[in-house]
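Notes follow once the structure below has been shown.
In this chain, numbering begins with 1 at the start of the sequence shown.
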Amino acid sequence: MARKIPIEKLRNIGIIAHIDAGKTTTTERILFYSGKTYKLGEVHDGTAVMDWMVQEQERGITITAAATTCAWKDCTINIIDTPGHVDFTVEVERSLKVLDGAVVVFCGVGGVEPQSETVWRQADRYAVPRVAYVNKMDRTGAKFFETIAEMHQKLGANAAAIQIPYGNEENFKGIVDIVDHKLYLYKDDLGKDIQAQEVPEELKADVEKYRAVLIEKLAEADDDILDKFLHGKEITDADIKSKIRSTVIANKFVPVLCGSSFKNKGIQLVLDAVVDYLPAPSDLPAVKGTNPESGEFEEISASDDAPFCALSFKIATDPYVGRLNYVRVYSGTLASGTYIYNATKRVRERVTKIVRMHANRQEIIDSISTGDIAAVVGLKETKTGDTLCLEKTPILVEAMRFPEPVIQQAIETSSKDESEKLGMALHKLADEDPSFRITYNQETGQTLMAGMGQLHLEIIVDRLLREFNVAVQVGFPQVAYRETITKKINASGKFIQQSGGRGQYGHCVLEMEPQEAPGMGITFENKIKGGAIPQEFIPSVKQGVFDTAKSGCLAGYPVTDIKVTLVDGSFHEVDSSELAFKMAAGMALTDGLRKGSPILLEPIMDMEVVTPEEFMGAIIGDLSSRRAKINAINSRGNVRAIRVFIPLAEIFNYATVMRSLSQGRASYTMEPSYYTEVPSHIADKIIAGFTSAGSHRK
């Protein structure tokens, strides 16, 4: 099966940024200038191709990561436009997992904002090479070089400008390329008539100055440039271009570009940088995987001749074709109508159709090859994070890490007849979005949905009505508290049942202690020696621990951050069973939670409030009354940015309060940061509420 596009001519990139930095507008311009679309779509008009969901068009924000493909020069570029809002951070997470490069968009006025830091850290985690694009250079207060300074200071990035703006704010007219010594002037509003000319005399000193800075930063990342720099040898334009590419691919350098997407200036140069500096799949190190049979690490080489391997990184429900599994191919080829092996679930699946996505539109294709990003139809068991491969060469790619929900709401249908319909709809949505969880509280008889924030759950409720035609009622938002222990203890559980005939016997002893660092969740270790518990019952003990940990002993919240070690136990030759050991483990864990001085944990949010200076006092006073800890107060043009850590429980519907304190002129963004102990007087109320609800039900 001959591939249509040489792998070295392929670029898989994501557009990532803080909310409202201009990601979708930038993507729309990329599609326009590359000839993929013939009309400029605008986010504020609801006409952006990539914001295809009704909810995105109404709110003017990106909610789901949308994929598309375009061509520039002789390269094919697969693009994923990601959301900026922290409630949809899972979309960024799973996109970065499968991408080879990213364009990080910064607002020229806002600089490095809180979610800029979040997406940058996510890109660091997956070692994604980046180019930076400082957008909105036409706006009042735009500051190109200050943004680069913030990239050094806040992100620790080895970044330097490869362009400088010609003019600023309302006088922004063009871009000076300091590598090619060219001035690009935009002569029409559509940004298609570009005039390249020599750098004017008055700008030559600036070009030399920033070219010297660029060479210094490259010297920090590359020994060849350092050697030439130290020995006064000539460094040519070709040297600089070559070394920008190699250091970007090695994740040692970030070139910074500038422009104004809304005013159609600079996008063609961003596309040039994507083609020139970001890697093809063949430029990157081989992806590491695990052999599910031997447990040993294996490398997946980016070649069509290698055995097929792909990762399912996203699921979407299409009203016409049903379930779409978005996949990234790491090696080999796959044709439609063939069978594939899900190494994670250990099942065979049939691929009935393969489609290339353009936002929500589909183009049917015959096959996919190494480096491709496409969607396949027909997979029934495959979920987000599953590895697809050949049955004779099984391999598992490292799964993705998804954030824990921080907010939950009770949900029910308006009529009992629709409860089954609701259940099916919720499970479809949970399949699509790993950060959205559904649980059923046996004690209250309530269905609980949990997500990353109020907006996240609002969108879910809206989709239930519009897409699935299910009208629902929701309770007030509740904080997703957690429970943990504070000291090391030993606990035992014994399950014995005699009911005539064969009985049940299971006995295990657990050692339980707090984790060394927060955020590690629950870990289970088996230290049984001498066959005190037969090996075949160990998985049942582990299952019993994890099942029981879903509901703690203080207020019924999930348990986290404990290390559980199975140290001893006993069994009966006849009566022992998997069920008996599962029950015994649950009893032991419950006993240990009670003895381990349990505490409640609450999510703390990292929040930034941007306000005009005259309202700063009122806003700080209000935040202090909400248990906020002020982290930093920075000047940003004529406004102040207040960075705080604040409990989620204190800021439900904060937007209304903030607007009234600032005459509607302040704004805020936030993201989950960490869990910490709930103050005792608040914890007592939460526990009392849980206890009284339980006694009332009885």
Heavy-atom nearest pair, E169 first then G141, reads OE2-N, 2.7 Å
In short, salt bridge (Lys or Arg N to Asp or Glu O under 4.0 Å) pairs touching residues 250-260 with sequence neighbours left out are none
- Query: Is there a donor-acceptor pair under 3.5 Å between the side chain of S242 and the backbone N or O of A238?
  - Reply: no
Separation between CD (Q268) and NZ (K73), nearest 0.5 Å, reads 11.0 Å
Where the side chain of Y210 meets the backbone of A160, is there a donor-acceptor pair that is under 3.5 Å apart? no
Requested in this report: Answer yes or no: is there a donor N or O on one side and an acceptor on the other, between the side chain of D283 and the main chain of A280, under 3.5 Å?
Outcome: yes
Is a side-chain donor or acceptor of R211 paired with a backbone partner of I178 at a separation under 3.5 angstrom?
yes
Report task. For E201, look at atom CD and say whether over 12 heavy atoms of other residues, nucleotides or ligands are found less than 6.0 Å away. Result -> no
Practice task
Flag this pair as yes if the NZ/CZ of K192 is under 6.0 angstrom from the six-membered ring centre of F32 and inside a 45 degree cone about the axis; otherwise no.
Solution key: yes
Neighbour count >12 (heavy atoms, 6.0 Å) for atom CD, E398: no
Taken to the nearest 0.5 Å, the spacing of M616 CE from I633 CD1 works out to 5.0 Å
If we only count heavy atoms from C-beta on, is the I77 to I30 side-chain gap below 4.5 Å? no
| Does a sphere of radius 6.0 Å around CG in D223 hold more than 12 heavy atoms from other residues, nucleotides or ligands, not counting ones at 6.0 Å or beyond? | no
So CD of E216 and CD1 of I225: to nearest 0.5 Å the spacing works out to 12.5 Å
Scanning both residues in full, the closest heavy-atom pair of Y668 with M607 reads CD1-SD, 3.6 Å
Do D276 and R11 sit within salt-bridge range, that is, some charged N less than 4.0 Å from a carboxylate O? no
Mark yes or no for whether N631, through its side chain, and R643, through its backbone, hold a donor-acceptor pair below 3.5 Å.
-> no
Evaluation steps, side-chain hydrogen bond (donor to acceptor under 3.5 Å, both in side chains), between D239 and T236:
CA-CA 5 Å; D239 288 337; T236 65; 3.2 Å; yes
| message | Go through it in stages, so that I can follow the logic: the residues are D433 and R94, the test is salt bridge (charged side-chain N to carboxylate O under 4.0 Å, His left out), and I'd like the CA-CA distance, side-chain angles, deciding distance and then a yes or no. | response | CA-CA 10 Å; D433 183 354; R94 60 181 167 193; 5.2 Å; no
Scanning both residues in full, the closest heavy-atom pair of A142 with V109 reads N-CG2, 3.9 Å
Check: H358 side chain, T69 main-chain N or O, donor-acceptor pair, under 3.5 Å: no
*Quick one: does S331's side chain have a donor or acceptor within less than 3.5 Å of a partner on F308's backbone?*
no
Would you say the side chains of T370 and D304 form a donor-acceptor pair under 3.5 Å?
yes
(Q) Please determine whether a side-chain nitrogen of the Lys or Arg among D100 and R328 lies less than 4.0 Å from a carboxylate oxygen of the Asp or Glu. (A) yes
Next item on the list: Please say whether more than 12 non-hydrogen atoms of neighbouring residues, nucleotides or ligands are located less than 6.0 Å from CG in D189.
Entry: no
ask   = Quick one: does V199's side chain get under 4.5 Å of Y166's, heavy atoms only?
value = no
Note: L96 and A102 closest approach over all heavy atoms is CD2-CB, 4.5 Å
Please determine whether side-chain hydrogen bond (donor to acceptor under 3.5 Å, both in side chains) holds for the pair D222 and T247, giving the CA-CA distance in whole Å, both sets of side-chain angles, and the decisive distance to 0.1 Å. CA-CA 7 Å; D222 185 88; T247 54; over 6 Å; no
Open item on the list: I'd like to check K241 versus D180 (side-chain heavy atoms, cut-off strictly below 4.5 Å). Are they in contact?
Closed with: yes
Salt bridge (Lys or Arg N to Asp or Glu O under 4.0 Å) pairs touching residues 131-141, sequence neighbours excluded, are D138-K263
Using the side chain to side chain contact (heavy atoms under 4.5 Å, CB included) rule, take V131 and L278 through it: C-alpha gap first, then chi angles, then the decisive distance, then the call.
CA-CA 8 Å; V131 299; L278 288 179; 4.0 Å; yes
**Message:** I want to check something: taking the side chain as every heavy atom from C-beta on, are F106 and E113 in contact at a cut-off of under 4.5 Å?
**Reply:** no
Report task. Show your reasoning for whether side-chain hydrogen bond (donor to acceptor under 3.5 Å, both in side chains) applies to T25 and S261. Result -> CA-CA 6 Å; T25 303; S261 298; over 6 Å; no
Notebook entry, point to check: With no hydrogens and no angle check, is any side-chain donor or acceptor of E363 less than 3.5 Å from a backbone partner on R356?
Noted result: no
Exercise. Counting N and O atoms only, with roles assigned by atom type, does the side chain of D188 sit under 3.5 Å from a partner on the main chain of D193, one being a donor and the other an acceptor?
Worked result: yes
Please confirm whether the backbone N or O of K143 pairs with a side-chain atom of N168, one donor and one acceptor, at under 3.5 Å? no
Run the side chain to side chain contact (heavy atoms under 4.5 Å, CB included) test on V112 and W120 for me, step by step, so that the C-alpha distance in whole Å, both residues' side-chain angles and the decisive distance to 0.1 Å come before the verdict. CA-CA 10 Å; V112 177; W120 194 272; over 6 Å; no
Worked check of side chain to side chain contact (heavy atoms under 4.5 Å, CB included) between L334 and V329: CA-CA 9 Å; L334 175 71; V329 183; 6.0 Å; no
Value for OG1 (T384) from CZ (F313), rounded to nearest 0.5 Å, stands at 9.5 Å
Rounding to 0.5 Å, atoms OG1 (T333) and CG (D366) come to a distance of 12.0 Å
Next item on the list: Could you give me the CA-CA distance, side-chain angles and deciding distance for V397 and Y330, then say whether side chain to side chain contact (heavy atoms under 4.5 Å, CB included) is met?
Entry: CA-CA 10 Å; V397 177; Y330 289 114; 4.2 Å; yes
Note: A127 and P129 closest approach over all heavy atoms is O-CD, 3.4 Å
Taken to the nearest 0.5 Å, the spacing of L218 CG from F229 CZ works out to 11.0 Å
All heavy atoms of L214 vs all of I240, minimum pair found to be CD2-CG2, 3.9 Å
field: Over 12 foreign heavy atoms within 6.0 Å of CD1, I364
entry: no
